[in-house]
Structures are given as structure tokens and as C-alpha cells.
Amino acid sequence: MTETAIADHADEHHPSSFASKYIWSQDHKVIAIQYSLTAIFVGLVALVLSALMRLQLGFPDHFSFISPESYLQFVTMHGMIMVVYLLTALLLGGFGNYLIPLMIGARDMVFPLLNMLSFWTYLLSVLVLLASFFVPGGPTGAGWTLYPPQAILPGTPGHDWGILLMLISLGIFIVAFTMGGLNYVCTILQARTKGMTLMRMPLTIWGIFVATIMGLLAFPALLVSAIMMFMDKVVGTSFFMPAILSMGEVLDHTGGSPILFQHLFWFFGHPEVYIVALPAFGIVSDILATHARKNIFGYRMMVWAIVVIGLLSFVVWAHHMYVSGMNPYFGFFFATTTLIIAVPTALKVYNWILTLWRGNIQLTLPMLFAIGFIFTFIHGGLSGLFLGNVVIDLPLSDTYFVVGHFHMVMGLSPILVLYAAIYHWFPKVTGRMLHTGLGKVHFWATLIGAYSVFLPMHYLGMLGLPRRYFGMAGTEYIPESAHLLNANITVAAILVAVVQLVFIANVIVSLRRGEKAPANPWGATTLEWQTPDNPPTHGNWGPALPVVHRWAYDFSVPGAKDDFIPQNVPNSAVEVTDAKAFAEAGQ
């Protein structure tokens, strides 16, 4: 098909009314914004829940509206929303949708209608999840891991309507992810523009690509476990329910295995960590290279590290299950694979640091958040090495050490990358710049505040402070200093939550009165910054698709007159001051 025919085909889907442009849009950019706004909204719900949890933990018995049942419900909904409905949806549904066609030089996703349906299915899953707050008994309080038999037995908050709506919502979400994921994979493989080989793709696309494939393989395990638990609850099957006595009554279940659910859940659960992490790895790589004015160090090594991490993530799941009583030989296997997966992850950290080494570092807002991510990810990863060891994990597993580790590596780190990405691509999406002063207040308050929250949790875990407990007053083995530290953590957490209002205000004000952004404010080389219009219009590229002549990281090329060379600039158009140096650089 000729480029003119492709452009004409794109025009067939051009929105002609308000509804077709903003509601039933098939434009990947509008769908990305729909995903992002929905994910951010539900993420704010989870943020409020975390603040309520911290109020109880820091100042127990001061808030009568926080009962033990509601506390467990807050824990469950906060965890599930943050991991699945915010991070996965925003990184893949939001940034994945927006960046994939632009970064590979395509006009849109290969299946625009399916892309639209994936968002509306995701929105339905969010509505079903939030509906559980308004049903009899409220949302499930089984913990975000939803372990049976507890999750569906009387005595657990939300054991009727709450758990059923959670399982239904997860099933709908997985359908939405599958529609979007297949679209992403097909688009990356089939719709790359001329010259855009796999090894010329930005690392952001590599991270999204591998994470999407992982999700397509891992989410079915969660789907079947949700269906099986739903049947255990509604139909009376015994997939996960053993012979059991509940409330003095012998139930009809027999022969089920609760451990089977744990295997299925964590076969999804640990790849899910990297389904979130890999897009973040790619995004931070591109931001570091752009704002350090230096090519990414070890591009091919970074690509293969992403692929190897994706493969190895499927053979480490049971390190979450050391306390389940597994055979020591299995414990040895999963501890070994956990240490092995740390190798490609550490290689990425080394490459980020070497990218910064002797670079012309610009301390822009995206760069500040990207550097903050490196710190938090290293700290969270180091504590993960302890928990990967069976002997150390057994006494620490149900303590605040795990909470501190998990939030550093899976909570704070990807959130910092999300902020870096928003500050970086906001000019492309809106044509406006975010306010730098407000952004710096947001960054420093968030980073210092979050460290004040999560770093002390490691100490509390070493003291033996158990997680998931509603109250610990009067517990003799917990010293008074731990209670004081818990109160300080709560104050810091509330301040961090309030500071996010600064970011929201910055976005709202900048949309109306922000400084107009130039077409390429950061001097980036990747294709999304080379569109003829800013923000990009429907079809992205006008009458002709771009042609790629080089990789995505031509910064400070020897002999080149400019500081950077975009991917779509041919060698013949590059002005050089030293032709010999330019030729020796392999350009």
C-alpha cells in the first residue's frame, strides 16, 4: 500500500463529532489519555485508602470510623488498585498506547476498534471494582493476594458480594489487557516504519513489548484462579477449598488445595512485578539518555537484559511462598533463580550509571525523577536480595520489612518513573510545559517524604513488627520506639499524599496557562518528537510516514554540528565539522 493510500485509509477513521473524537475515539492518543485519566482517578482512591490505613497505624483508637473490618478492606483495595488498576493500566494502557505508534513511526494501532474496546472494558472493570464499596458487607478484606479459604469464608469482611465483585472485576480487566496486549504486539511487529528495525527501537518500546508478552502469558493464571475461586464460592466446587470447619459448621468442600491458588496467583504475581518494571526501565533509559545528552550505554546489552528478565521472571514465583512449607530443594531452586534474575537487573543499573558518567547532565524535572528512581530502585533491590534467601525470609516474611521493600521497589520506584514520564512527554501531549518551580517542590517533597515513610519500615520489620495487623498497642515485644516511629511514618505519609495535590494543580494550571512548548523542547532524537504537528494530529505524520536512518541515541556524535541527530535525519543532511571523526563514529 502506498503512503498516500495509507493516509487516505487513516482519514476514514477521522473523528467527525464530539462523541467520535472524545468518547468513542479510535485514535490511540485519545485512548491513551482516557486510560491515563481513569487510572489516575482510581489511583487517587487508593492513595486515600493508604492515608486512612496510616491514620489507624500511627494513632490507633483515635478514629472510630476505622474498624478492624474496614482496615482490612482498605489494605486489600489499596494493594490491588495500585498494582493492577493503576500501575499496569497507566504504564501499558496509558504510555504504551500513546508512545508505541509515535515511536515506531506508525499512524495508529493496527486494530483501532479493538483498542477502543480495550479501554471501555478496562473502565468497566474499574466500575465493578469500585461498586464493591457500595454493596452489603463492603469490599473484600482478604488481603490483596486474596488467599483462600479465608477469602470466601464467613468472618472475612466482604466474603459475599465483595470478593465476587473483585473476582469479576479482575476477569474483566484481563479481557481488556488481552485485547490491548495483542494490539501492542501486532503493532510493534507489523507497523514499524521503513528503517525502524528491532534494534533501532527505543528502549521504551522494548520494555513495553516484552512486558506485554509477559502479561499475555501470566494473566491467564490469574484469570483461571479467579474463575475457580468464583466457582468455589458460588457453585460449591473444591478447587482451593479443603475439608473445613467454619463457624462451627462442617462445610461441603473437600479435597481442594489452598496452596494451588498461591502457585497460580504468584505465577502471575511475580511476572506482574516486571510487567510494571520493564516499561519503567525503558522509559527511564530514554529519559536519562536525553537529559544527559549522551547515548545510552550498552544498548544491545540493555535489550537482552530486558528479554532475559522477562524469561527469568517466570521461574522465581515461589520465593513468595517460602513460608508455605515447601520442600527445601524447591526453596533452594527458587532462591537461586531469584539471585540469578538480579544479574540482568543489576546490569541495567550499571548501564544507567555509566550513561550518566561524564554526560552533560541537565537537571530538568524528568531527569530529577529519573535519578530519584535509580536511588529508590537500588535500595529496594538490595533489601530484595535478603528476602530472596529462604533462611532470612522466613522470620521477615510477615513483617514490615516486606512492606518497606515492596513499596520501595514496586510502589515508589515506578511512581517516580511515571512522574518522570509525565513531565517529559507532557509538552508532546498538550503542547504546554509544566511549571518548573512547582515541579521541583513536588519532586523533593515526594522523594524525601517517601523515604521517611518506607525506609524506617525496614527497621520496624527487623524489630518483628507484623504487617496486616489492625492494632498492636500493648504488645510486649514491640518497644515504645516502634510506636513513635509508626506515628512519624504516618505524618510523613499524609504529607506525601497532600503534596500530590501540588502536581495535580500544576497539571490543571499548565493546561490553561502553561508556557507553550516548542516542538522538541528536550532535544530528543526519537520519532515522537519529530511529528509535523505538536501535539500530533490524527494520523500522526501527515501525508508521508517518516523514514528511520539511525538508532535512537545519537547524542553528541563526534564531528556532528548539532548536539543530537534525530532518527529520521539521513546522513546526507547532517552538518559535520569533522568529517573524519563523523565517519569513524560509524554513522
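Remember, it's a predicted structure, so these values are computed and weren't measured experimentally.
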- Query: Taking atom types as modelled and ignoring hydrogens, do the side chains of T364 and H291 form a donor-acceptor contact shorter than 3.5 angstrom?
  - Reply: yes

- Query: Going through the distances and angles, do Y451 and H379 end up as a ring pair (Phe, Tyr, Trp, His ring centres under 6.0 Å)?
  - Reply: CA-CA 10 Å; Y451 261 95; H379 291 157; 5.4 Å; yes

- Message: Which residue in the set N540, D108, N115 passes side chain to side chain donor-acceptor pair (under 3.5 Å) when paired with H28?
- Response: N540

- Query: Do the side-chain N and O atoms of Y553 and D286 include a donor-acceptor pair separated by under 3.5 angstrom?
  - Reply: yes

- Task: Can you label the angle between the H78 ring and the H407 ring as parallel, tilted or perpendicular, going by 30° and 60°?
- Result: parallel

- Query: In terms of ring plane angle, is the pair F95 and W425 parallel, tilted or perpendicular, where the classes change at 30° and 60°?
  - Reply: tilted

- Look at the rings of F555 and F564 and say which category their plane angle falls in: under 30° parallel, 30 to 60° tilted, over 60° perpendicular. tilted

- Query: Aromatic rings Y122 and Y35: how do their planes relate, parallel, tilted or perpendicular, breaks at 30° and 60°?
  - Reply: parallel

- S125 versus S169, side-chain donor and acceptor atoms under 3.5 Å: no

- Task: Please examine the side chains of T38 and F119, heavy atoms only from C-beta on, and report whether any two atoms are closer than 4.5 Å.
- Result: yes

- Query: Between Y423 and H442, does any side-chain donor sit less than 3.5 Å from a side-chain acceptor?
  - Reply: yes

- Message: Hydrogens and angles aside, do D27 and H538 bring a side-chain donor and acceptor to less than 3.5 Å of each other?
- Response: yes

- Are Q34 and S25 close enough that a side-chain donor and a side-chain acceptor fall under 3.5 Å? no

- Report yes if some heavy atom in the side chain of T178 is under 4.5 Å from a heavy atom in the side chain of F219; otherwise report no. no

- Item | Heavy-atom closest contact (L92 atom, I275 atom, distance) | CD1-CG2, 3.8 Å

- Return the minimal non-hydrogen interatomic distance between A305 and P344, and the atom names on each side. CB-O, 3.8 Å

- Query: Between R192 and L198, is any pair of side-chain heavy atoms under 4.5 Å apart?
  - Reply: yes

- F281: which of W352, Y274, W206 passes ring-ring contact (aromatic ring centres under 6.0 Å, His included): W352

- Task: Find out whether V547 and N568 are in side-chain contact, i.e. whether some heavy atom of one side chain is under 4.5 Å from a heavy atom of the other.
- Result: no

- Query: Can you find a heavy atom in the side chain of R293 that is under 4.5 Å from one in the side chain of Q362?
  - Reply: yes

- Query: Parallel, tilted or perpendicular for Y419 and F503, by the 30°/60° rule?
  - Reply: perpendicular

- Query: By side chain to side chain contact (heavy atoms under 4.5 Å, CB included), which residues pair with T531, not counting sequence neighbours?
  - Reply: L102, K428, P536, W541

- Message: When you compare the side chain of I296 with that of N351, does any pair of heavy atoms fall below 4.5 Å?
- Response: no

- Query: Of all residues at least two apart in sequence or in a different chain, which pass the ring pair (Phe, Tyr, Trp, His ring centres under 6.0 Å) check with F111?
  - Reply: none

- Item | Between Y299 and S285, a side-chain donor and acceptor under 3.5 Å | no

- Are any non-hydrogen side-chain atoms of L356 and M367 less than 4.5 angstrom apart? yes

- ring pair (Phe, Tyr, Trp, His ring centres under 6.0 Å) evaluation trace for F268 with W317: CA-CA 8 Å; F268 144 79; W317 78 87; over 10 Å; no

- Item | Flag side-chain contact, heavy atom, 4.5 Å: M103 against T204 | yes

- Residue pair T88 / E272, side-chain donor-acceptor N/O under 3.5 Å: yes

- Item | CA sep, side-chain torsions, deciding dist, call: Y184, F209, ring pair (Phe, Tyr, Trp, His ring centres under 6.0 Å) | CA-CA 7 Å; Y184 296 172; F209 179 52; over 10 Å; no

- Query: What class does the angle between the rings of F443 and F369 fall in, given that below 30° is parallel, 30 to 60° is tilted and above 60° is perpendicular?
  - Reply: perpendicular

